[in-house]
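Reminder, nothing fancy here: chain letters follow the sequence lines and each chain counts from 1. Just so it is clear, the values below take in all heavy atoms, side chains as well, and ignore hydrogens, waters and symmetry mates. Just so it is clear, the structure is predicted and the values come from calculations on it, not from any experiment.
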There are 2 protein chains.
Amino acid sequence: MSPASPTSPESIERGIRLLEGQGYRVSLAENVFAKDGYLAGTDAQRSSDLQRAFEDDEIAGVVCSRGGYGCARLLPYLDMDQMAASGKPFIGFSDVTTLHLALNRRGLATFHAPMLLTFSVDREPWVIDSFLALLSGQDSLKVDSPAGVTLRGGVAEGVLTGGCLCLLTDSLATPDTLECAGRIVMIEDVDENPHRVDALLTHLLRSGALESAAGIVVGEMTGTDERCDPKIGAWPWRRIVEDRLGNLNVPTIVNYPIGHMKNMLSIPLGVRARLDADAGRLTLLESPCA
Amino acid sequence: MSPASPTSPESIERGIRLLEGQGYRVSLAENVFAKDGYLAGTDAQRSSDLQRAFEDDEIAGVVCSRGGYGCARLLPYLDMDQMAASGKPFIGFSDVTTLHLALNRRGLATFHAPMLLTFSVDREPWVIDSFLALLSGQDSLKVDSPAGVTLRGGVAEGVLTGGCLCLLTDSLATPDTLECAGRIVMIEDVDENPHRVDALLTHLLRSGALESAAGIVVGEMTGTDERCDPKIGAWPWRRIVEDRLGNLNVPTIVNYPIGHMKNMLSIPLGVRARLDADAGRLTLLESPCA
């Protein structure tokens with residue numbers, strides 16, 4: 001189903017084939033290809049597709065076609081408690097971060113993982129391995145993926161949360177706000193201007209949210225270094241992350257493969273994990289299907 | 001002084017000449033032309049320039065050179081109570097919205113008005129008239145400016161607040177958050193993608209901030225209609241504003257000349273005003289220098 005921006009049959013064809021090749025049956029939501037500007041149909045269409053997928057006993061799990069924008073508009077229309085109680089796997093990232101936060105808060109572990117559109121581009125074999133492992137209830141981090149880079153060493157344990165940075169800040173001061181206390185917080189984004197990456201991280205800092213985090217896992221700010229606005233000027237995104245997050249006294253890594261990076265792990269949110277910031281690795285301490 | 005992004009002597013030359021032509025003496029802050037990527041010097045340089053301008057008895061008012069980004073980074077370094085107690089006129093918009101919110105909260109009326117860079121481009125005579133009126137303690141809205149367009153009619157009275165949309169949302173959940181209760185809230189922005197305008201307005205709605213506003217004055221989303229991301233899709237910005245704000249049951253106008261529009265009024269924040277949404281006009285009920 002498409003909770004956010006529009007997609008096309010061609011865009012998700014390879015993703016569907018990947019799932020069907022593993023023996024999954026794929027059922028397309030009624031409005032999966034609907035389009036109204038930047039939205040995949042009206043809020044009523046998208047929310048009804050999502051709610052029905054969680055309610056329908058024939059549906060074992062819900063995979064988003066893509067992100068873009070639109071999930072935040074759905075919240076007034078959804079029965080999130082009912083959705084969370086279903087216990088179904090829910091899969092996506094980027095704009096879908098908003099739904100992860102709302103479902104995790106209600107006790108459902110969800111999957112920060114590739115969407116159907118993600119597979120329209122070639123990915124490393126470990127990306128597929130991690131994705132299929134998570135879908136089948138295995139440990140999705142036991143694959144041959146690159147490690148992150150240490151920004152501040154140490155080991156932390158906590159429940160995983162986070163996702164796409166601008167959606168994390170979009171949640172602040174709302175009923176489904178990002179909660180960082182004692183948690184390992186994942187942060188990544190795409191196509192943000194350098195000064196906006198600074199503004200978004202500064203917003204997280206000013207809100208006090210990050211002060212109580214157990215650890216921080218940054219992916220990358222994909223495309224940011226190519227988006228210098230000559231009227232404003234730029235820093236490389238790594239400098240911005242180090243400047244803003246380097247003084248938090250918690251284990252922190254960057255360039256960990258998540259989200260909008262060229263290759264990405266599939267990671268359960270709402271489950272306990274261990275961050276070894278010296279090794280640049282996350283390890284799951286719980287099964288996402290517990 | 002430059003609280004945010006870098007500027008150059010050439011960019012602010014016309015603005016300085018305008019002030020000097022009116023008999024004002026212009027004193028440039030020590031680091032006004034400093035540059036470090038998107039910042040006009042380090043946080044220490046910018047905050048020290050700002051604090052000193054408020055402390056120095058020789059300085060009657062503080063005019064920002066330009067916005068861009070950087071004001072939010074200054075807050076930990078500033079004695080905002082001391083600045084607010086000075087009673088000095090403080091002039092800017094765009095990124096400076098962050099400082100307006102912090103100063104208004106502490107009882108200082110501030111000026112949402114052109115900066116030195118603004119005058120590097122030709123503006124209508126009423127833009128100059130409004131700016132000079134505000135500087136000299138006159139009513140800056142009694143000029144021959146265009147009216148706004150009625151989105152929801154009616155009349156509202158309340159203290160003026162608001163500014164650049166992405167800075168308003170950047171304030172949510174921070175100690176200097178936007179407060180809308182009983183107030184007339186001004187909203188405008190520049191160079192935002194259409195779906196981000198929706199996301200930012202949806203963030204304000206989800207936070208509950210707008211529910212208690214007395215009235216809403218939207219400028220425009222300058223440049224948004226030229227920024228359709230073909231990967232996501234677009235709505236015209238006026239449709240987004242009408243969709244998101246049209247159902248709030250308060251007097252609301254759009255296209256009111258403020259902020260990043262081609263021509264803009266100079267408006268005091270933190271003072272009481274009347275919004276006549278049928279006529280598309282604001283009227284000041286208090287002097288900004290009271």
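Residues of residues 93-103 of chain A placed with any heavy atom under 4.5 Å of a heavy atom in chain B are listed by number as A:Thr98. By a heavy-atom distance cut of under 4.5 Å, A:Arg206, A:Ser207 are the residues of residues 204-212 of chain A near chain B, going up by number.
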Test side chain to side chain contact (heavy atoms under 4.5 Å, CB included) on B:Asp229 and A:Tyr38; report intermediate values, then the result.
CA-CA 9 Å; B:Asp229 179 343; A:Tyr38 45 74; over 6 Å; no
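Among A:Leu172, A:Leu200, A:Ile232, the residue making the largest number of heavy-atom pairs under 4.5 Å with chain B is A:Ile232. When each of B:Asp170, B:Thr177, B:Asn193 is scored by its heavy-atom pairs under 4.5 Å with chain A, the top score falls to B:Asp170. Listed options B:Ala199, B:Ser5, B:Gly68, B:Cys228 were ranked by heavy-atom pairs under 4.5 angstrom with chain A; first place goes to B:Ala199.
With values rounded to the nearest 0.5 angstrom, A:Asp198 atom CG is found 3.5 Å from B:Tyr69 atom OH. From A:Arg73, atom CZ reaches atom CG of B:Leu201 across 10.0 Å, with rounding to the nearest 0.5 Å.
No side-chain heavy atom of B:Leu117 sits less than 4.5 Å from a side-chain heavy atom of A:Lys231.
Among residues two or more places apart in sequence or in another chain, the salt bridge (charged side-chain N to carboxylate O under 4.0 Å, His left out) test is passed with A:Glu242 by A:Arg238. Listed by chain and number, the residues in a salt bridge (charged side-chain N to carboxylate O under 4.0 Å, His left out) with B:Asp36 are A:Arg239 (sequence neighbours excluded).
Using a 4.5 Å cut-off between heavy atoms, A:Cys166 touches chain B through backbone and side chain atoms alike.
A donor-acceptor pair is defined here as one N or O able to donate and one able to accept, closer than 3.5 Å; no such pair exists between the side chain of B:His203 and the backbone of A:Leu167.
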